[in-house]
Amino acid sequence: MDTSKLRVNGARLRASLEEMAKIGATPGGGVQRLTLSDEDRRARDLLVKWLKEIDFSVSIDEMGNIFGRTAGKDDALPPVMTGSHVDSQPKGGRFDGILGVMGALEVMRTLHENKVQTEHPLILVDWTNEEGSRFAPAMVSSGVWAGALQRDWVYARTDKDGKVFGEELQRIGYKGTIPAKKWPAHAYFEYHIEQGPMLERQGTTIGAPKGILCLHWYDVYLEGEANQVGPTPMEGRKDALCAAAEMILAVNTLPDRMKGNMVATVGEIQNYPNSRNIIPDKVHFTVDIRSWDDDHALKAWDLLKKDFTDIAGRRRTPIRIEETWRVAHAPFNEKLVQRVLDTAKELGYSHLHMVSGAGHDASYMNQVCPTAMIFVPSIGGRSHVEVENTKWEDCEAGANVLLHALLKTANER
Ligand code: GLV
Ligand code: MN
Ligand code: MN
């Protein structure tokens, strides 16, 4: 058949997204589907059921990554892969990650009902723990699959209640037996919401990022001395929270001091014993630094580490730093990025060449095979929040771009 006329079913895509949004729905209109939670399990079960309905063979690897596969005309060719993640942030949105999985599913359903078989096999993937907010760091299971992270290191990561990644994976029934180990892949496409304001500001429907910023994550632990706040004079206190406060502002001013080209954020903090009338004696907080320039981000970290040491010394609060995770900036395959732009143009959608500030499994996939992403606008540029939203017609447009970029790629010899 002439596949150039094929289009996805936007109403069916919307219905799938709405069905998924019921799993972990929050009162504020978002979802909370933390990785390896019962909600994550329910979303996975539904995805597996839907994949089986279109005759995909489903396999689960030892990281819990779910792969749905359909044969190619030449099944010995390396597969074209596409997908994203079903886990969410705490009080996250209804589109981050799940759009890339449901969009890919809609593409596969469209091909299935039209009996279209591509030359290369196709694989739809759900990567475990993209978000990294329950178990840091992020994107760990594409990282293990790509050979960039160690499986047992990830298994041993704990959440803030002390639960262990490997045990939680087992508990939800998704610790598969297949090794999480890359195989040759022809290409990887990841469809995602932009999570920023650029597309909306420019009135553009489709974004094709040239790549993803580097991501560097750190964990900082401070020790103070607890005491009754009333009788203890201000002089001589060892207040771990005050030290953290100074450090957090040092993070916030870091991009300015580095003359831009980066962002830096403290998003998580634990303060102990967290009582209004006890001087805090233990604080943990996180640092997230991102830039297109890996060296620039490393230089920024050197400067920040010096600030931290000075502050900790002055406030007499011993500091311990964990350099938790670094993933280099990921410049995508130019041919595939151009293919996304060309496909958008052919389908009559406005398009923009841009950069991704958000992290994605595509960062690690880029180390394995030619990779590109497809972005659609986030209303108000908001994401990782319950009000995260994208117009249904944009969801459909992005899925159509995925469909045709995938068809072109999976039919090349
Ligand atoms: C992933 O969600 C990120 O932190 O960008
Ligand atoms: Mn995401
Ligand atoms: Mn996210």
Can you tell me if [X] and [Y] form a side-chain donor-acceptor pair at under 3.5 Å?
X: Ser133; Y: Glu131; result: no
X: Thr343; Y: Lys408; result: yes
X: Ser291; Y: Asp293; result: no
X: Thr324; Y: Asp219; result: yes
X: His112; Y: Asp55; result: yes
X: Asp126; Y: Tyr174; result: no
X: Glu223; Y: Thr317; result: no
X: Asp96; Y: Gln195; result: yes

Got a donor-acceptor contact below 3.5 angstrom from the [X] side chain to the [Y] backbone?
X: Arg33; Y: Arg42; result: no
X: Asp75; Y: Gly72; result: yes
X: Thr390; Y: Pro377; result: yes
X: Thr35; Y: Asn129; result: yes
X: Glu388; Y: Ser378; result: no
X: Gln270; Y: Phe285; result: no
X: Thr26; Y: Gly30; result: yes
X: Asp161; Y: Lys163; result: no
X: Ser16; Y: Arg14; result: no
X: Asn65; Y: Thr128; result: yes

Closest heavy-atom contact between [X] and [Y]?
X: Leu215; Y: Gly359; result: CD1-CA, 4.0 Å
X: Pro121; Y: Pro78; result: CD-O, 4.0 Å
X: Val376; Y: Gly398; result: CG1-CA, 3.8 Å
X: Val8; Y: Thr110; result: CA-OG1, 3.6 Å
X: Ile374; Y: Leu402; result: CD1-CA, 3.5 Å
X: Val337; Y: Pro209; result: CG2-O, 3.6 Å

Inset, instruction - Just do the side-chain hydrogen bond (donor to acceptor under 3.5 Å, both in side chains) check on Gln202 and Thr204 with the steps written out, would you? - result: CA-CA 5 Å; Gln202 311 229 3; Thr204 308; 4.9 Å; no
Can you establish whether the number of heavy atoms outside [X] located under 6.0 Å from its atom [atom1] is more than 12?
X: Gln150; atom1: CD; result: no
X: Lys73; atom1: NZ; result: yes
X: Arg171; atom1: CZ; result: yes

Would the [X] and [Y] ring centres measure less than 6.0 Å apart?
X: Trp127; Y: His85; result: no
X: Tyr191; Y: His360; result: no
X: Tyr218; Y: Trp301; result: yes
X: Phe95; Y: Trp392; result: yes

Salt bridge check: are [X] and [Y] linked by an N-O gap of less than 4.0 Å?
X: Asp310; Y: Lys306; result: yes
X: Asp307; Y: Arg257; result: yes
X: Asp159; Y: Arg134; result: yes
X: Arg314; Y: Glu246; result: yes

Legend entry - Parallel, tilted or perpendicular: rings of His284 and Tyr221 (30°, 60°): parallel
Enter the distance from [X]:[atom1] to [Y]:[atom2] here, rounded to the nearest 0.5 Å.
X: Leu254; Y: Leu304; atom1: CG; atom2: CG; result: 5.0 Å
X: His351; Y: Glu346; atom1: NE2; atom2: CD; result: 9.5 Å
X: His216; Y: Met262; atom1: NE2; atom2: CE; result: 9.5 Å
X: Leu47; Y: Ile23; atom1: CG; atom2: CD1; result: 10.0 Å
X: Leu46; Y: Met20; atom1: CG; atom2: CE; result: 4.0 Å
X: Glu106; Y: Leu17; atom1: CD; atom2: CG; result: 9.5 Å

Legend entry - Steps toward salt bridge (Lys or Arg N to Asp or Glu O under 4.0 Å) verdict (Asp40, Arg44): CA-CA 6 Å; Asp40 183 9; Arg44 289 160 173 270; 3.0 Å; yes
Inset, instruction - Output, in order, the C-alpha distance, side-chain angles, deciding distance and verdict of salt bridge (Lys or Arg N to Asp or Glu O under 4.0 Å) for Arg326 and Glu323. - result: CA-CA 8 Å; Arg326 289 193 183 120; Glu323 300 194 336; 3.4 Å; yes
Inset, instruction - Given side-chain hydrogen bond (donor to acceptor under 3.5 Å, both in side chains), test Asn261 with His296 step by step and report yes or no. - result: CA-CA 8 Å; Asn261 189 21; His296 190 60; 4.6 Å; no
Legend entry - Residue pair Glu168, Arg157: steps toward the salt bridge (Lys or Arg N to Asp or Glu O under 4.0 Å) verdict: CA-CA 11 Å; Glu168 286 294 277; Arg157 303 295 296 172; over 6 Å; no
Inset, instruction - Taking the six-membered ring of Trp50 (Phe, Tyr or Trp), confirm whether the NZ or CZ of Arg109 is under 6.0 Å from its centre and within 45° of its axis. - result: yes
Legend entry - Residues in side-chain contact (heavy atoms from CB on, under 4.5 Å) contact with Val263, at least two apart in sequence or another chain: Arg290
Legend entry - Derivation of the salt bridge (Lys or Arg N to Asp or Glu O under 4.0 Å) call for Arg94 and Glu386: CA-CA 8 Å; Arg94 293 170 300 141; Glu386 290 170 292; over 6 Å; no
Return a table of donor-acceptor pairs under 3.5 angstrom between the side chains of residues 175-187 and protein atoms on other chains or two or more places apart.
from	atom 1	to	atom 2	distance (Å)
His186	NE2	Thr409	O	3.4
His186	NE2	Glu412	OE2	2.9

Inset, instruction - For side-chain hydrogen bond (donor to acceptor under 3.5 Å, both in side chains), just list the numbers for Tyr188 and Asp361, CA-CA rounded to whole Å, side-chain angles, deciding distance to a tenth of an Å, and then say yes or no. - result: CA-CA 10 Å; Tyr188 176 72; Asp361 293 298; 5.3 Å; no
